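Please read all numbers here as calculations on a predicted model, not as lab measurements. Sequence lines set the chain letters: A, B, ... in the order given, protein chains first and strands last, and positions in each chain run from 1.
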Amino acid sequence: MEGESEHNEQRAMKIGQVARELNISVETIRMYETAGLILPEKTGSGQRLFDVNDVFWLNCIRRLIKEQGMNLEGIRRLLALMPCWNIKPCTAKDQQICPAVLKAEQPCWAMKEQLPPICKTANCRECAVYQSASKCTNLKTLLYGIRKRAMALTF
DNA sequence: ATTCTGACA
DNA sequence: TGTCAGCA
């Protein structure tokens, strides 16, 4: 059996283990990361570590692709539409220059360095924006903030 | 044995 | 997406 004897550690899985459990190749998982869909933890040596939420999210990505007719680009752009400014308490001034607010090219966590200080120094894996996205409830609630904002502008 | 990055007959 | 190289 595997070494599942860890206690406080949030039993992080290596890419090979994740690949086996989800029946996908490690190359594919790395590709999802390159596309900005997932943000696995990295050890000092560069080893990717996935927790249960990462695995769950990867599962959602697979379904979006295999059952919902989406592709990597589509998912990436969808995540890029997340109303991070409604989740993260950034100032109006930040929003005027934040690429995550002005553009919808990629998820905010995929361009961390270009973000204002509040987000630039944050741990994206622990940020509500990334976590809510990886919850993969349904795509509409994911964009609820957008609707709220649209309503405010319309009425 | 496993993972990592980068490249591509 | 696969896979082979050359490391760590």
Self-check item: Listed partners of Lys88(A) passing side chain to side chain contact (heavy atoms under 4.5 Å, CB included), at least two apart
Solution: Cys119(A), Ala122(A), Cys127(A)
Quiz item: Does anything in residues 21-30 of chain A pair up under salt bridge (charged side-chain N to carboxylate O under 4.0 Å, His left out), and if so which pairs, sequence neighbours excluded?
Solution: none
Practice problem: Tell me, please, the opening and closing nucleotides of DNA chain C, 5' to 3', among those with an atom under 4.0 angstrom from a non-hydrogen atom of chain A. | Solution: dT1(C) to dT3(C)
Atom pairs under 3.5 Å: protein N/O with N/O of nucleotides 5-9 of chain B:
residue	atom	partner	partner atom	Å
dT5(B)	OP2	Arg48(A)	NH2	2.2

Exercise. For Ser25(A), report the nucleic acid contact type (base, sugar-phosphate, nothing); a contact means any heavy atom under 4.0 Å.
Key: sugar-phosphate
Self-check item: Any residue meeting side chain to side chain contact (heavy atoms under 4.5 Å, CB included) with Pro40(A), in chain and number order, not counting sequence neighbours
Solution: Glu33(A), Ile38(A), Arg48(A), Phe50(A)
Quiz item: How would DNA chain B look in dot-bracket form, 5' to 3', counting Watson-Crick and G-U wobble pairs with both distances under 3.5 Å and writing | for bases paired to another strand?
Solution: .|.|||||.
Quiz prompt | Pairs meeting criterion ring-ring contact (aromatic ring centres under 6.0 Å, His included) with involvement of residues 18-40 of chain A, two or more places apart | solution = none
Quiz item: From Leu115(A) CG over to Cys98(A) SG, what is the distance, rounded to the nearest 0.5 angstrom?
Solution: 5.0 Å
Exercise. Write out all pairs satisfying salt bridge (charged side-chain N to carboxylate O under 4.0 Å, His left out) with one or both partners inside residues 73-82 of chain A, taking only residues at least two apart or from two chains.
Key: Glu73(A)-Arg76(A), Arg77(A)-Glu105(A)
Exercise. For Lys14(A) and dC4(B), give me the distance from atom NZ to atom P, rounded to whole Å.
Key: 9 Å
Self-check item: salt bridge (charged side-chain N to carboxylate O under 4.0 Å, His left out) contacts in which one or both residues fall within residues 52-71 of chain A, not counting sequence neighbours
Solution: Asp54(A)-Arg125(A)
Quiz prompt | Residues that Leu49(A) engages under side chain to side chain contact (heavy atoms under 4.5 Å, CB included), provided they are two or more places apart | solution = Ala12(A), Lys14(A), Glu41(A), Thr43(A)
Exercise. Enumerate the residue pairs fulfilling ring-ring contact (aromatic ring centres under 6.0 Å, His included) with a member in residues 90-121 of chain A, sequence neighbours excluded, ordered by first and then second residue.
Key: Trp109(A)-Tyr130(A)
Practice problem: Would you indicate what Gln47(A) reaches in the nucleic acid, counting non-hydrogen atoms under 4.0 angstrom: base, sugar-phosphate, or nothing? | Solution: sugar-phosphate
Quiz item: Listed by chain and number, what are the side chain to side chain contact (heavy atoms under 4.5 Å, CB included) partners of Ile118(A), not counting sequence neighbours?
Solution: Cys90(A), Asp94(A), Pro116(A)
